[in-house]
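Only this structure's heavy atoms are used, side chains among them; waters, hydrogens and symmetry mates stay out. Just so it is clear, the model here is predicted, and its values are computed rather than measured. Reminder, nothing fancy here: chain letters follow the sequence lines and each chain counts from 1.
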Amino acid sequence: MTSQKVLMVAEKPSIAVSIASVLSRGQMSTRKGATDVHEFNAMFLGFRAQYKVTSVIGHVFSVDFPAAYQDRTATDPLDLFQAQVVKSAANPKAHIPRHLSQEARGCTHLVLWLDCDREGENICFEVIECSGFTMNSRNGRVYRARFSSISEKDILKAMDNLVEPNRNEALAVDARQEIDLKVGVAFTRFQTNYFQGKYGNLDARVISYGPCQTPTLGFCVQRYLQISTFKPEKFWTLHPYIFQNGHEVKLEWERQKLFDVNVGMMFQKLVLEDGILDVTEISEKQESKGRPVGLNTVNLLKVASSALGFGPQMAMQLAERLYTQGFISYPRTESTAYPSSFDFRGTLAALVNNPTTGSYAEKLLSEGFQKPRGGVDVGDHPPITPVKSAKEDMLGIDAWRLYQYVCQHFLGSVSPDCKYIRTRVEFTIGGESFHCTGQRTVVEGFTYIMPWLGISEKNLPQFMKGEKLEVSKVELYEGSTSAPDYLSESELISLMEKNGIGTDASIPVHINNICERNYVQVQPGRKLVPTALGISLIRGYQCIDPDLCLPDIRSFIEQQITLVAKGQVEHSRVVQHVLQQFKQKFIYFVQQVINFLIFLRHCDAQVDMARSFWHK
DNA sequence: GCAAGGTC
């Protein structure tokens, strides 16, 4: 009897290695190709089988317009909405389609090990197309492996529960690709044609629009507008002072702020006339600051920007290198919960040779470490953790600093919580209430290894309830409300994540885009300051159609394609419906812009007439 | 050469 031949395809080479290692128990032979192919013999569905495990490198295809629409001077952007879209190799140099079709030859079964998300489901069908397999054919069968992590347990479990790939989820991605392409390119071509060199000094090669990049820019400009329209306001507050056991203590007012100096002076007089503070309440409460959950990509990017000064693009490049050199685990993950099978002891042991964090890792090993807090498991990859110890000269200064943070975060996540005692003393004087607070650390916990998160110690002298104290002075402090600062890159990342703009992998790309297109500039402290061009663009959308630069535009697309993913509405109906709406917006936008440009030309003509009149 | 999403 001839044996079965099984082809397995993963989303990236490293996953193919993991799957082949588990299923062959390490007994595989690897041969080079467009991507490596791992071969071995094992049982498959009760029969002896020859296995080949290989991978793609992300998407095999990407969508674009046919050649006829590529010449932007010869095409009306409005026609793009009803144009055909064609798929072509995402990376022609990699020759992935040819690789898949060659390896599939003679195979009786195809098992798809793509990442278990919508994009992965879409890549499943790209692989099916290249391999020549068809769903439900007699001579070859197609299976989908659904795995929640790349552990031996989950891989074997997925093998015992093979399912079919989900066509609807794949179609939802097709819908998004077509909508993003048509909307983005139509607006971008129109804007570039009409704004470039037309007026002002908005000189730029391309003036782009996109349902992710434009709301991203919108966040930066929104903050800029808050700053530029901010009107500072004076305020007053009372601070009584006392001397207790040789310490001067400044008290805070329950009313916090007043915006009228006369009322402030009245209260100051009341307090001074009384002159005696009554201690009405003393409370001590133990508070806890929780250790961090596992590190995911977005949180790594935020820390890299705010604490290490690395932009997201650079942070990902450094992380990628640390990953391929085996120092940290896979750096693209949404999960913050460690899998149940995670080897904490092994990871700690791997760090004991680290010059700076090694002794702390050793201490956790000998004295015991904590089970990490919950977090979320999205089922993609485990949180980002160190894998082996390193020294600075092995990595270079930047990679070393990022690696150090990954170590500190991991160690922090298996350390005790930080415990501290908060003391609050309440006073009354002249009918007004004041208080002071102190705090002291009881258990340092994870803040030992992440000292910047530590509790700032504030000691208070002893007080007794019912005690009466003489006030030493009563300050009427005059302050001024201040404008917020420019949006920091790490705040922007938080806003994007919260509003569903981009993914962990694409957030750095969008931020990089708005910088490279000269819409914002990164200033010291990684603050994002919009340029004249960026401000003009967003103000333009705000005048014509504010939806265009709001994050809801992305949520709307996501929500519509989810109907496809769930099989509730047909793919083509959703695409038509969404494109129809964007086409209306596009037409209105074009009309308004053209009217405005006509108006400007009219103004110029008036100015010219006035000039020639006065210069006669 | 314009979008956004994979991954390198």
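- Nucleic acid contact class of F187(A) (heavy atoms, under 4.0 Å, all strands): none.
- Of the candidates dA3(B), dT7(B), dG6(B), dA3(B) carries the atom nearest the T188(A) side chain, counting heavy atoms from C-beta on.
- Side chain of P13(A), nearest nucleotide from dG5(B), dA4(B), dC8(B): dC8(B).
- Side-chain nitrogen and oxygen atoms of R176(A) include none within less than 4.0 Å of the OP1 or OP2 phosphate oxygen of dG5(B).
- Residue R517(A) has a polar side-chain atom (N or O) positioned under 4.0 Å from OP1 or OP2 of dA3(B).
- Looking at the side chain of R205(A), the nearest of the listed nucleotides dC2(B), dA3(B), dT7(B) is dC2(B).
- Note: CZ (F125(A)) to C1' (dG6(B)) measures 17 Å, nearest angstrom.
- Following rounding to the nearest Å, I501(A) (CD1) and dA3(B) (P) show an atom-to-atom distance of 15 Å.
- Proximity of S506(A) to the phosphate of dG5(B): a side-chain N or O atom is located under 4.0 Å from OP1 or OP2.
- Look at CD on Q313(A): it is 13 Å from C1' on dT7(B), rounded to the nearest Å.
- Contact annotation: H59(A) side-chain N/O to dA4(B) OP1/OP2 distance is not under 4.0 Å.
- For the pair L217(A) CG and dA4(B) P, the computed distance is 12 Å after rounding to whole Å.
- The separation between F190(A) atom CZ and dA3(B) atom C1' is 18 Å, rounded to whole Å.
- Checked against dT7(B), dC2(B), dA4(B), the side chain of R189(A) finds its nearest nucleotide in dC2(B).
- In this entry the distance linking CD of E121(A) with P of dG6(B) reads 14 Å, nearest Å.
- Contact annotation for D64(A): base contact, defined as any heavy-atom pair under 4.0 Å involving a base atom.
- OP1 or OP2 of dG6(B) lies within a sub-4.0 Å distance of a side-chain N or O belonging to T503(A).
- Residue contacts for Y69(A): at a heavy-atom cut-off of 4.0 Å it reaches no nucleic acid atom on any strand shown.
- Between F61(A) and F65(A), the residue anchored nearer the 5' end of DNA chain B, judged by the nucleotide with its closest heavy atom, is F65(A).
- Within the 3.5 Å criterion, the main-chain N or O of S488(A) finds a donor-acceptor partner in the side chain of E491(A).
- Of the charged side-chain nitrogens involved, at least one lies within less than 4.0 Å of a carboxylate oxygen, so that K12(A) and D115(A) count as a salt-bridged pair.
- Contact annotation: R332(A) side-chain N/O to dG6(B) OP1/OP2 distance is not under 4.0 Å.
- Between F81(A) and F582(A), the ring center distance fails the sub-6.0 Å criterion.
- As judged by a 4.0 angstrom heavy-atom cut-off over every strand, R118(A) is placed among residues making no nucleic acid contact.
- Contacts of E11(A) with the nucleic acid, taken as non-hydrogen atoms under 4.0 Å apart, involve only primed sugar atoms and P, OP1 or OP2.
- V185(A) comes within 4.0 angstrom of a base, heavy atoms only.
- Here V60(A) lies out of heavy-atom contact (under 4.0 Å) with every strand.
- At a threshold of 4.5 Å between non-hydrogen side-chain atoms, the residues L100(A) and E129(A) do not count as touching.
- Of the listed nucleotides (dA3(B), dC8(B), dG5(B)), dG5(B) has the atom at the smallest distance from the side chain of E119(A).
- When each of N513(A) and D71(A) is assigned the nucleotide of DNA chain B bearing its nearest heavy atom, the one mapping closer to the 5' terminus is D71(A).
- Within 4.0 Å of G502(A), counting heavy atoms only, lie sugar-phosphate atoms of the nucleic acid but no base atom.
- Within 4.0 Å (heavy atoms only), R321(A) reaches no atom of the nucleic acid at all.
- More than 12 heavy atoms of other residues, nucleotides or ligands lie within 6.0 Å of CD in E320(A), so this atom counts as buried by the packing criterion.
- Aromatic ring centroids of Y209(A) and F190(A) lie 6.0 Å or more apart.
- Set against dA3(B), dT7(B), dG6(B), the side chain of A90(A) has dG6(B) as its closest nucleotide.
- In this structure, CD1 of I561(A) is placed 18 Å from P of dA3(B), rounded to the nearest angstrom.
- As rounded to whole Å, 15 Å separates atom P of dA3(B) from atom CD of Q177(A).
- D115(A) comes within contact range of the sugar-phosphate backbone alone, with a heavy-atom separation under 4.0 Å but no base atom that close.
- A distance-only check finds no donor-acceptor pair linking the side chain of Y338(A) to the backbone of D343(A) [under 3.5 Å].
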